[in-house]
Colleague: 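Quick one: the structure is below, questions incoming.
So that the names make sense, note that chain A is the first sequence line, chain B the second, and so on, each numbered from 1.
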Amino acid sequence: MPELPEVETIARALAPRLRGRRIVSAEFRCLRVLIGDPDRTSAALAGRRVLAVQRHGKFIEIQLDAGQSFVVHLGMTGKLLMNGAPGKHTHAVLTLDRGALLYDDSRQFGRLELSAGLPARVRKLGPEPLEVAFEDFESRVRAHKTKIKALLLNQRFLRGIGNIYADEALYRAGIHPLAVARRLHRDRLKKLHAAIRKVLGEAIDAGGSSVSDYVDVDGRQGSFQVRHNVYQKNGAPCPRCGARIRRILVTQRGTHFCPQCQKR
DNA sequence: ATCGGTACCTGCACGC
DNA sequence: TGCGTGCAGGTACCGA
């Protein structure tokens, strides 16, 4: 489900409401989404205090005292809800000294993990796309020989970009999703670097994109979906040139682009 | 070592 | 109404 802007929106809303709270108890109802033993995890969480909430790519780190971190990845349909009503797909309930945090995930692709510091799968992520300098961005692109769309989805290249923002950034940069990454000229990579920053920044300002079921911690939708130019707009006219937006598959992911504006 | 295909799960929209 | 198909903001794992 959520990409960097959605996860950032969630982390920003969560931080002031979790910071300083104490976890009274933790209950796990679905073993698939929990990495680790449920009883040991519950026991270790009980009594911990929340120090901070941070985003790392698409991961949310709830930093606890005693050097522990409760790390959440929302997968496709994961939701973190403050004081929501538990439902059919509520897989975890953290009861706090004030209120409760629920983890809801119909497809069960998300993962929850209590770890000492950050787990390896977070540590091996590439840099934040909003922080990476152009020189670093360019040398990372040159290190791969795959198609640019596939590279943007690779979390070891950059952390946090997913299917929506990959398509939207490539559209804004005028780059065809099947272009071979390392063969792109410097000026086109500069456009892409800027487009990524711009689209992610605008999406964060809009509270993310609610395409089907994304909501923030209070159950509110984002609004960036109304500004998508290509994502899930196949057959619609390109806002720039009027040509029909096309949908193709790139490494099994639906990929949307303007065949006129985006060249290899 | 890197790449691409597949598996994992549920729900929804669609055509018949 | 019901069934089959295809599709969906994700990553992990496997073999080439």
Colleague: Roughly, in whole Å, what's the span from CG in A:Asn163 to C1' in C:dG10?
Modeller: 10 Å
Colleague: Let me know, please, whether A:Asn154 or A:Lys88 comes out on the 5' side of the other along DNA chain B by nearest nucleotide.
Modeller: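 Residue closer to the 5' terminus by nearest nucleotide: A:Asn154.
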Colleague: Out of C:dA8, B:dT10, B:dC8, which has the shortest distance to the side chain of A:Phe109?
Modeller: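 The answer is B:dC8.
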Colleague: What's the CG-C1' distance between A:Leu249 and B:dG4, to the nearest Å?
Modeller: 13 Å
Colleague: side-chain contact (heavy atoms from CB on, under 4.5 Å), that's the test. Do A:Phe134 and A:Arg186 meet it? Break it down for me.
Modeller: CA-CA 10 Å; A:Phe134 176 72; A:Arg186 195 155 206 258; 3.8 Å; yes
Colleague: Among A:Glu131, A:Lys124, A:Lys58, A:His56, find the one that has a side-chain contact (heavy atoms from CB on, under 4.5 Å) with A:Arg159.
Modeller: A:His56
Colleague: Calculate the interatomic distance between A:Asp167 atom CG and C:dG10 atom C1'; express it in whole Å.
Modeller: 15 Å
Colleague: Please report the closest heavy-atom contact between A:Leu151 and A:Ala181, naming both atoms and the distance.
Modeller: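 Taking every non-hydrogen atom into account, CD2-CB, 3.7 Å.
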Colleague: Side-chain N or O of A:Gln155 versus OP1/OP2 of C:dT11: is the shortest distance under 4.0 Å?
Modeller: yes
Colleague: Could you check whether A:Arg121 gets within reach of a base, just the sugar-phosphate, or nothing at all, counting any heavy atom under 4.0 Å?
Modeller: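 Sugar-phosphate, no base atom in range.
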Colleague: Please list, by residue number, the residues of residues 137-151 of chain A whose heavy atoms come closer than 4.0 Å to an atom of DNA chain C; answer none if no residue qualifies.
Modeller: none
Colleague: Go through the side-chain N and O atoms of A:Tyr165 and A:Glu6 and say whether any donor and acceptor fall under 3.5 Å apart.
Modeller: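 Short answer, yes.
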Colleague: Just by distance, with hydrogens left out, do A:His256 and A:Asp167 show a side-chain donor and acceptor under 3.5 Å apart?
Modeller: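 Side chains of A:His256 and A:Asp167: pair found under 3.5 Å.
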Colleague: If I take atom CG in residue A:Asn234 and atom P in nucleotide B:dC14, what distance separates them, rounded to the nearest angstrom?
Modeller: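 Going from CG in A:Asn234 over to P in B:dC14 covers 13 Å.
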Colleague: Starting at CG of A:Leu4 and ending at P of C:dT11, how long is that distance when rounded to a whole Å?
Modeller: 12 Å
Colleague: Rounded to whole Å, please give me the gap between NZ in A:Lys124 and C1' in B:dA1.
Modeller: 14 Å
Colleague: Using a cut-off of 4.0 Å on non-hydrogen atoms, how would the nucleic acid contact of A:Tyr165 be classed: base, sugar-phosphate, or nothing?
Modeller: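 Nothing: the residue A:Tyr165, judged by heavy atoms under 4.0 Å, touches no strand.
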